[in-house]
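Every chain is numbered from 1, with letters handed out A, B, ... down the list of sequences.
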Amino acid sequence: MPELPEVETTLRGIEPYLKNATISDIVVRNASLRWPVPAKQLSTLVGQKVIGAERRAKYILIHTKLGSILLHLGMSGSIRVLKFGAEVGKHDHVDINLNGNTIIRLNDPRRFGCCLLAHEPINEHRLIAKLGPEPLSSDFDGEVLFKRSRGRSIAVKNLIMDGNIVVGVGNIYACESLFLAGIRPTVTAKRLSRLRYKKLAEVIKVVLANAIKAGGTTLNDFTQADGKPGYFKQELQVYGRAGQACNDCDSKIKSQFIGQRNTFYCPTCQTF
DNA sequence: CTTTACGCCTGACGGC
DNA sequence: TGCCGTCAGGCGTAAA
(Lines give C-alpha, C1' and ligand atoms only; values in the text may rest on other atoms or scores of the structure.)
Protein backbone atom coordinates (compact mmCIF):
# COMPACT_ATOMS: atom_id res chain seq x y z
CA MET A 1 0.00 0.00 0.00
CA PRO A 2 1.55 3.20 -1.09
CA GLU A 3 2.69 5.43 1.72
CA LEU A 4 5.29 8.14 1.36
CA PRO A 5 8.26 5.87 0.55
CA GLU A 6 6.31 4.07 -2.17
CA VAL A 7 5.21 7.34 -3.74
CA GLU A 8 8.74 8.74 -3.56
CA THR A 9 10.07 5.55 -5.15
CA THR A 10 7.52 5.89 -7.92
CA LEU A 11 8.41 9.52 -8.56
CA ARG A 12 12.10 8.67 -8.81
CA GLY A 13 11.23 5.95 -11.31
CA ILE A 14 9.28 8.20 -13.65
CA GLU A 15 11.20 11.45 -13.19
CA PRO A 16 13.93 10.73 -15.79
CA TYR A 17 11.29 10.14 -18.44
CA LEU A 18 9.35 13.29 -17.59
CA LYS A 19 12.37 15.54 -17.82
CA ASN A 20 12.11 17.77 -20.90
CA ALA A 21 9.30 15.57 -22.22
CA THR A 22 6.32 16.74 -24.23
CA ILE A 23 2.90 15.30 -23.44
CA SER A 24 1.85 13.70 -26.71
CA ASP A 25 -1.47 12.27 -25.53
CA ILE A 26 -3.51 11.54 -22.43
CA VAL A 27 -5.69 8.45 -22.66
CA VAL A 28 -8.38 7.97 -20.05
CA ARG A 29 -9.44 4.38 -20.35
CA ASN A 30 -11.45 4.14 -17.15
CA ALA A 31 -12.37 7.45 -15.54
CA SER A 32 -13.75 5.82 -12.45
CA LEU A 33 -11.33 6.61 -9.62
CA ARG A 34 -11.96 8.33 -6.30
CA TRP A 35 -13.21 11.29 -8.30
CA PRO A 36 -14.01 11.01 -11.99
CA VAL A 37 -10.90 11.60 -14.10
CA PRO A 38 -11.55 14.82 -16.10
CA ALA A 39 -10.51 13.49 -19.50
CA LYS A 40 -11.54 16.58 -21.42
CA GLN A 41 -9.66 18.96 -19.12
CA LEU A 42 -6.57 16.76 -19.17
CA SER A 43 -6.59 16.70 -22.97
CA THR A 44 -5.86 20.42 -22.98
CA LEU A 45 -2.35 19.50 -21.81
CA VAL A 46 -1.54 17.62 -25.01
CA GLY A 47 1.37 19.32 -26.71
CA GLN A 48 2.57 20.89 -23.45
CA LYS A 49 6.09 20.50 -22.14
CA VAL A 50 6.60 19.03 -18.68
CA ILE A 51 8.33 21.75 -16.67
CA GLY A 52 8.75 19.80 -13.45
CA ALA A 53 7.65 16.84 -11.34
CA GLU A 54 7.58 16.49 -7.58
CA ARG A 55 6.03 14.68 -4.67
CA ARG A 56 3.96 16.48 -2.05
CA ALA A 57 2.63 14.21 0.70
CA LYS A 58 1.42 11.15 -1.21
CA TYR A 59 0.61 13.11 -4.35
CA ILE A 60 2.72 13.05 -7.48
CA LEU A 61 2.57 16.39 -9.28
CA ILE A 62 3.47 16.85 -12.93
CA HIS A 63 3.69 20.49 -13.87
CA THR A 64 3.07 22.19 -17.19
CA LYS A 65 2.58 25.84 -18.09
CA LEU A 66 -1.19 25.28 -18.30
CA GLY A 67 -1.62 23.40 -15.05
CA SER A 68 -0.50 20.44 -12.96
CA ILE A 69 -1.53 16.82 -13.11
CA LEU A 70 -2.20 15.59 -9.60
CA LEU A 71 -1.87 11.83 -9.10
CA HIS A 72 -2.61 9.79 -6.00
CA LEU A 73 -2.08 6.03 -5.72
CA GLY A 74 -4.77 5.48 -3.10
CA MET A 75 -4.00 2.15 -1.52
CA SER A 76 -3.55 -0.14 -4.47
CA GLY A 77 -2.31 2.16 -7.24
CA SER A 78 0.95 1.94 -9.11
CA ILE A 79 2.54 3.78 -11.99
CA ARG A 80 4.59 2.06 -14.65
CA VAL A 81 6.82 3.38 -17.39
CA LEU A 82 6.15 1.48 -20.62
CA LYS A 83 6.98 1.65 -24.30
CA PHE A 84 4.32 3.08 -26.57
CA GLY A 85 2.03 0.29 -27.72
CA ALA A 86 2.35 -1.79 -24.55
CA GLU A 87 -0.50 -4.18 -23.94
CA VAL A 88 -3.34 -2.82 -21.83
CA GLY A 89 -4.24 -4.70 -18.68
CA LYS A 90 -7.09 -4.76 -16.22
CA HIS A 91 -7.37 -1.62 -14.07
CA ASP A 92 -5.14 0.45 -16.34
CA HIS A 93 -7.01 3.72 -15.87
CA VAL A 94 -4.91 6.48 -17.40
CA ASP A 95 -1.95 6.78 -19.79
CA ILE A 96 0.13 9.92 -20.02
CA ASN A 97 2.03 9.53 -23.27
CA LEU A 98 5.35 11.29 -23.67
CA ASN A 99 7.09 12.21 -26.94
CA GLY A 100 5.00 9.62 -28.80
CA ASN A 101 7.19 6.80 -27.50
CA THR A 102 6.75 6.42 -23.74
CA ILE A 103 3.75 5.75 -21.51
CA ILE A 104 3.35 6.77 -17.89
CA ARG A 105 0.53 4.40 -16.91
CA LEU A 106 -1.64 4.55 -13.79
CA ASN A 107 -3.07 1.21 -12.68
CA ASP A 108 -5.38 1.12 -9.66
CA PRO A 109 -7.47 -2.00 -8.88
CA ARG A 110 -9.27 -0.58 -5.85
CA ARG A 111 -9.82 2.85 -7.38
CA PHE A 112 -9.00 4.86 -4.27
CA GLY A 113 -6.45 6.91 -6.19
CA CYS A 114 -7.05 9.97 -8.31
CA CYS A 115 -5.89 11.80 -11.41
CA LEU A 116 -6.91 15.44 -11.47
CA LEU A 117 -5.88 18.68 -13.14
CA ALA A 118 -5.03 21.71 -11.00
CA HIS A 119 -5.05 25.13 -12.58
CA GLU A 120 -4.33 27.20 -9.48
CA PRO A 121 -0.89 27.42 -7.84
CA ILE A 122 -0.48 23.91 -6.50
CA ASN A 123 -0.13 24.96 -2.87
CA GLU A 124 -3.58 26.48 -3.07
CA HIS A 125 -5.28 23.34 -4.34
CA ARG A 126 -7.96 22.11 -1.93
CA LEU A 127 -6.28 18.72 -1.53
CA ILE A 128 -2.86 20.25 -0.83
CA ALA A 129 -3.48 23.55 0.94
CA LYS A 130 -4.05 22.27 4.47
CA LEU A 131 -1.42 19.55 4.56
CA GLY A 132 1.20 19.45 7.29
CA PRO A 133 4.97 19.55 6.72
CA GLU A 134 6.98 16.97 4.81
CA PRO A 135 8.43 14.53 7.36
CA LEU A 136 11.85 14.42 5.71
CA SER A 137 12.20 18.20 5.58
CA SER A 138 13.59 20.49 8.25
CA ASP A 139 10.07 21.87 8.69
CA PHE A 140 9.27 18.73 10.63
CA ASP A 141 10.77 17.93 14.02
CA GLY A 142 9.86 16.92 17.56
CA GLU A 143 8.90 20.48 18.43
CA VAL A 144 6.21 20.46 15.72
CA LEU A 145 4.77 17.23 17.09
CA PHE A 146 4.97 18.42 20.69
CA LYS A 147 3.21 21.72 19.99
CA ARG A 148 0.49 20.17 17.84
CA SER A 149 -0.13 17.45 20.41
CA ARG A 150 -0.94 19.81 23.28
CA GLY A 151 -4.57 19.52 24.27
CA ARG A 152 -5.13 16.58 21.94
CA SER A 153 -6.82 13.56 23.47
CA ILE A 154 -6.38 11.25 20.49
CA ALA A 155 -3.99 8.30 20.49
CA VAL A 156 -0.45 9.28 19.50
CA LYS A 157 -0.71 6.89 16.57
CA ASN A 158 -3.63 8.84 15.17
CA LEU A 159 -1.71 12.08 15.69
CA ILE A 160 1.18 11.04 13.47
CA MET A 161 -1.20 9.63 10.85
CA ASP A 162 -3.06 12.95 10.64
CA GLY A 163 -2.04 14.60 7.37
CA ASN A 164 -2.65 18.04 8.83
CA ILE A 165 0.08 17.42 11.42
CA VAL A 166 2.63 15.64 9.24
CA VAL A 167 2.09 14.04 5.84
CA GLY A 168 2.99 10.64 4.47
CA VAL A 169 2.87 8.47 7.59
CA GLY A 170 0.36 5.69 7.00
CA ASN A 171 -0.48 2.65 9.08
CA ILE A 172 2.67 0.65 8.35
CA TYR A 173 5.20 3.37 9.10
CA ALA A 174 3.22 4.70 12.06
CA CYS A 175 3.46 1.27 13.69
CA GLU A 176 7.15 0.93 12.85
CA SER A 177 8.05 4.39 14.08
CA LEU A 178 6.28 3.96 17.40
CA PHE A 179 8.10 0.68 17.92
CA LEU A 180 11.50 2.28 17.33
CA ALA A 181 10.60 5.16 19.64
CA GLY A 182 9.43 2.75 22.36
CA ILE A 183 6.02 4.44 22.51
CA ARG A 184 2.73 2.59 23.03
CA PRO A 185 0.47 3.51 20.07
CA THR A 186 -2.57 3.96 22.31
CA VAL A 187 -1.01 6.63 24.53
CA THR A 188 -2.94 9.91 24.56
CA ALA A 189 -1.07 12.47 22.47
CA LYS A 190 -1.08 15.24 25.09
CA ARG A 191 0.49 13.01 27.73
CA LEU A 192 3.81 12.53 25.93
CA SER A 193 6.79 14.71 26.75
CA ARG A 194 8.78 16.99 24.48
CA LEU A 195 11.67 14.54 24.74
CA ARG A 196 9.51 11.62 23.52
CA TYR A 197 8.32 13.62 20.53
CA LYS A 198 11.90 14.51 19.69
CA LYS A 199 12.72 10.81 19.55
CA LEU A 200 9.54 10.03 17.63
CA ALA A 201 10.21 12.65 14.95
CA GLU A 202 13.76 11.35 14.58
CA VAL A 203 12.72 7.75 14.07
CA ILE A 204 9.94 8.72 11.63
CA LYS A 205 12.64 10.31 9.47
CA VAL A 206 14.86 7.24 9.76
CA VAL A 207 12.10 4.75 9.02
CA LEU A 208 10.88 6.65 5.97
CA ALA A 209 14.41 7.20 4.65
CA ASN A 210 15.26 3.50 5.06
CA ALA A 211 12.04 2.46 3.35
CA ILE A 212 12.82 4.73 0.41
CA LYS A 213 16.26 3.14 0.19
CA ALA A 214 14.62 -0.29 0.01
CA GLY A 215 12.26 0.84 -2.73
CA GLY A 216 9.23 0.89 -0.46
CA THR A 217 7.14 -1.89 1.06
CA THR A 218 5.32 -4.34 -1.18
CA LEU A 219 2.55 -6.28 0.53
CA ASN A 220 0.17 -7.02 -2.33
CA ASP A 221 -0.18 -4.49 -5.09
CA PHE A 222 2.66 -2.03 -5.01
CA THR A 223 5.31 -2.08 -7.69
CA GLN A 224 8.01 0.40 -8.54
CA ALA A 225 7.88 2.18 -11.91
CA ASP A 226 9.99 -0.58 -13.47
CA GLY A 227 7.61 -3.25 -12.20
CA LYS A 228 9.80 -4.52 -9.35
CA PRO A 229 8.49 -4.83 -5.80
CA GLY A 230 9.84 -2.86 -2.82
CA TYR A 231 11.96 -4.68 -0.29
CA PHE A 232 11.19 -2.93 3.01
CA LYS A 233 8.81 -5.70 4.06
CA GLN A 234 11.82 -7.70 5.23
CA GLU A 235 12.73 -4.89 7.61
CA LEU A 236 9.34 -4.53 9.28
CA GLN A 237 9.62 -5.01 13.04
CA VAL A 238 5.98 -5.11 14.10
CA TYR A 239 3.59 -4.45 11.21
CA GLY A 240 1.75 -7.63 10.24
CA ARG A 241 3.70 -9.67 12.82
CA ALA A 242 1.04 -10.31 15.49
CA GLY A 243 1.84 -13.44 17.48
CA GLN A 244 5.43 -13.54 16.28
CA ALA A 245 8.44 -12.84 18.47
CA CYS A 246 9.76 -9.31 18.87
CA ASN A 247 13.21 -9.03 17.26
CA ASP A 248 14.48 -7.15 20.32
CA CYS A 249 13.05 -8.94 23.34
CA ASP A 250 11.28 -12.09 22.12
CA SER A 251 7.89 -11.03 23.51
CA LYS A 252 4.86 -11.78 21.35
CA ILE A 253 3.90 -8.87 19.09
CA LYS A 254 0.35 -7.79 19.83
CA SER A 255 -2.31 -6.32 17.56
CA GLN A 256 -5.16 -4.05 18.51
CA PHE A 257 -7.59 -1.80 16.68
CA ILE A 258 -7.11 1.93 17.13
CA GLY A 259 -9.87 3.80 15.41
CA GLN A 260 -10.63 1.56 12.44
CA ARG A 261 -7.02 0.48 11.90
CA ASN A 262 -5.19 -2.60 13.00
CA THR A 263 -2.16 -1.63 15.06
CA PHE A 264 0.90 -3.70 15.91
CA TYR A 265 3.23 -3.20 18.85
CA CYS A 266 5.54 -4.95 21.28
CA PRO A 267 4.07 -4.88 24.82
CA THR A 268 7.53 -5.05 26.36
CA CYS A 269 9.52 -2.62 24.21
CA GLN A 270 6.80 0.01 23.88
CA THR A 271 6.01 1.26 27.36
CA PHE A 272 6.02 5.06 27.17
C1' DC B 1 -12.94 23.71 17.42
C1' DT B 2 -12.17 18.26 18.20
C1' DT B 3 -13.22 13.47 17.70
C1' DT B 4 -15.38 9.53 15.58
C1' DA B 5 -17.36 6.63 12.04
C1' DC B 6 -18.28 5.62 7.40
C1' DG B 7 -17.69 4.38 2.60
C1' DC B 8 -15.55 3.97 -1.66
C1' DC B 9 -13.44 -0.72 -4.19
C1' DT B 10 -11.16 -5.30 -5.68
C1' DG B 11 -8.38 -9.20 -4.72
C1' DA B 12 -6.27 -12.41 -1.55
C1' DC B 13 -7.12 -15.68 1.68
C1' DG B 14 -9.26 -19.05 4.83
C1' DG B 15 -13.05 -22.07 6.02
C1' DC B 16 -16.27 -25.36 4.63
C1' DT C 1 -13.33 -27.31 -6.93
C1' DG C 2 -16.13 -23.30 -5.73
C1' DC C 3 -18.61 -20.21 -2.91
C1' DC C 4 -18.71 -16.80 0.62
C1' DG C 5 -17.29 -13.88 4.43
C1' DT C 6 -13.55 -11.05 6.03
C1' DC C 7 -9.90 -8.03 5.67
C1' DA C 8 -6.79 -4.58 3.72
C1' DG C 9 -6.75 0.91 4.17
C1' DG C 10 -6.02 6.63 2.33
C1' DC C 11 -8.54 10.06 3.26
C1' DG C 12 -12.52 13.16 2.29
C1' DT C 13 -16.72 13.84 4.38
C1' DA C 14 -20.49 14.04 7.59
C1' DA C 15 -22.10 13.70 12.00
C1' DA C 16 -21.69 14.00 16.97
Side-chain angles (χ1 to χ4, degrees), chain A residues 1-11 29-38 55-61 70-79 89-94 106-116 118 124-135 145 147-178 185-191 204 208 211 216-223 229-230 232-233 236 238-243 255-264:
Chain A
M1 15 227 85
E3 296 185 28
L4 186 145
E6 291 74 34
V7 180
E8 179 68 25
T9 299
T10 298
L11 175 69
R29 213 166 269 113
N30 180 351
S32 164
L33 288 176
R34 174 144 212 204
W35 298 284
V37 180
R55 179 189 58 74
R56 173 73 176 107
K58 294 174 190 166
Y59 293 97
I60 286 176
L61 309 170
L70 195 150
L71 298 165
H72 197 290
L73 301 179
M75 53 167 291
S76 63
S78 59
I79 293 175
K90 209 176 176 184
H91 308 306
D92 285 339
H93 285 257
V94 181
L106 174 64
N107 177 284
D108 187 359
R110 292 180 213 179
R111 301 197 222 154
F112 286 5
C114 70
C115 175
L116 298 171
E124 294 171 21
H125 190 275
R126 68 181 186 95
L127 295 173
I128 308 270
K130 289 179 184 167
L131 294 174
E134 285 290 329
L145 282 183
K147 286 204 177 111
R148 300 290 307 265
S149 67
R150 294 307 89 181
R152 300 295 300 269
S153 55
I154 52 174
V156 61
K157 183 188 178 226
N158 288 339
L159 183 84
I160 60 174
M161 287 180 69
D162 182 344
N164 297 323
I165 308 272
V166 57
V167 301
V169 183
N171 199 32
I172 296 173
Y173 299 112
C175 291
E176 294 299 305
S177 300
L178 289 163
T186 45
V187 170
T188 306
K190 63 186 174 194
R191 290 191 53 238
I204 285 173
L208 292 176
T217 302
T218 294
L219 294 178
N220 297 314
D221 306 284
F222 176 71
T223 63
F232 195 70
K233 187 179 179 184
L236 296 177
V238 287
Y239 182 85
R241 298 193 62 237
S255 71
Q256 177 187 342
F257 274 84
I258 298 180
Q260 314 306 105
R261 305 270 152 70
N262 208 352
T263 304
F264 302 87

Distance criterion of 3.5 Å, no angle test: do you see the side chain of A:Arg34 paired donor-to-acceptor with the base of C:dC11? yes
Write down the distance between [atom1] ([X]) and [atom2] ([N]), rounded to a whole number of angstrom.
X	N	atom1	atom2	answer
A:Ile165	B:dT2	CD1	C1'	11 Å
A:Leu71	C:dC11	CG	P	14 Å
A:Asp108	C:dG10	CG	C1'	11 Å
A:Lys58	C:dG10	NZ	C1'	6 Å
A:Tyr59	C:dG12	OH	C1'	8 Å
A:Lys157	C:dG10	NZ	C1'	12 Å

Parallel, tilted or perpendicular: rings of A:His72 and A:Tyr59 (30°, 60°): perpendicular
Phosphate contact (C:dG12 OP1 or OP2) by A:Lys130 side-chain N/O below 4.0 Å: no
Give a yes/no on whether any side-chain N or O of A:Arg111 is located under 4.0 angstrom from OP1 or OP2 of B:dT10. yes
Could you work out which one of [options] sits closest to the side chain of [X]?
X	options	result
A:Pro109	C:dT13, C:dC11, B:dT10	B:dT10
A:Phe257	C:dG12, C:dA8, C:dG10	C:dA8
A:Arg110	C:dG10, B:dT10, C:dG12	B:dT10
A:Trp35	C:dG12, B:dT10, C:dG10	C:dG12

Looking at A:Arg55 and A:Leu61, would you say the former's side chain and the latter's main chain have a donor-acceptor pair under 3.5 Å? no
Roughly how far, to the nearest 0.5 Å, is OG of A:Ser32 from NE2 of A:His93? 6.5 Å
Nucleotide N/O of nucleotides 3-6 of chain B paired with protein N/O under 3.5 Å:
residue : atom : partner  : partner atom : Å
B:dT3   : OP1  : A:Ser153 : N            : 2.5
B:dT3   : OP1  : A:Ser153 : OG           : 2.7
B:dT3   : OP2  : A:Arg152 : NE           : 2.3
B:dT3   : OP2  : A:Arg152 : NH2          : 2.6

Hey, is A:Phe112 stacking on B:dC8? Ring centres under 5.5 Å, planes under 30°. yes
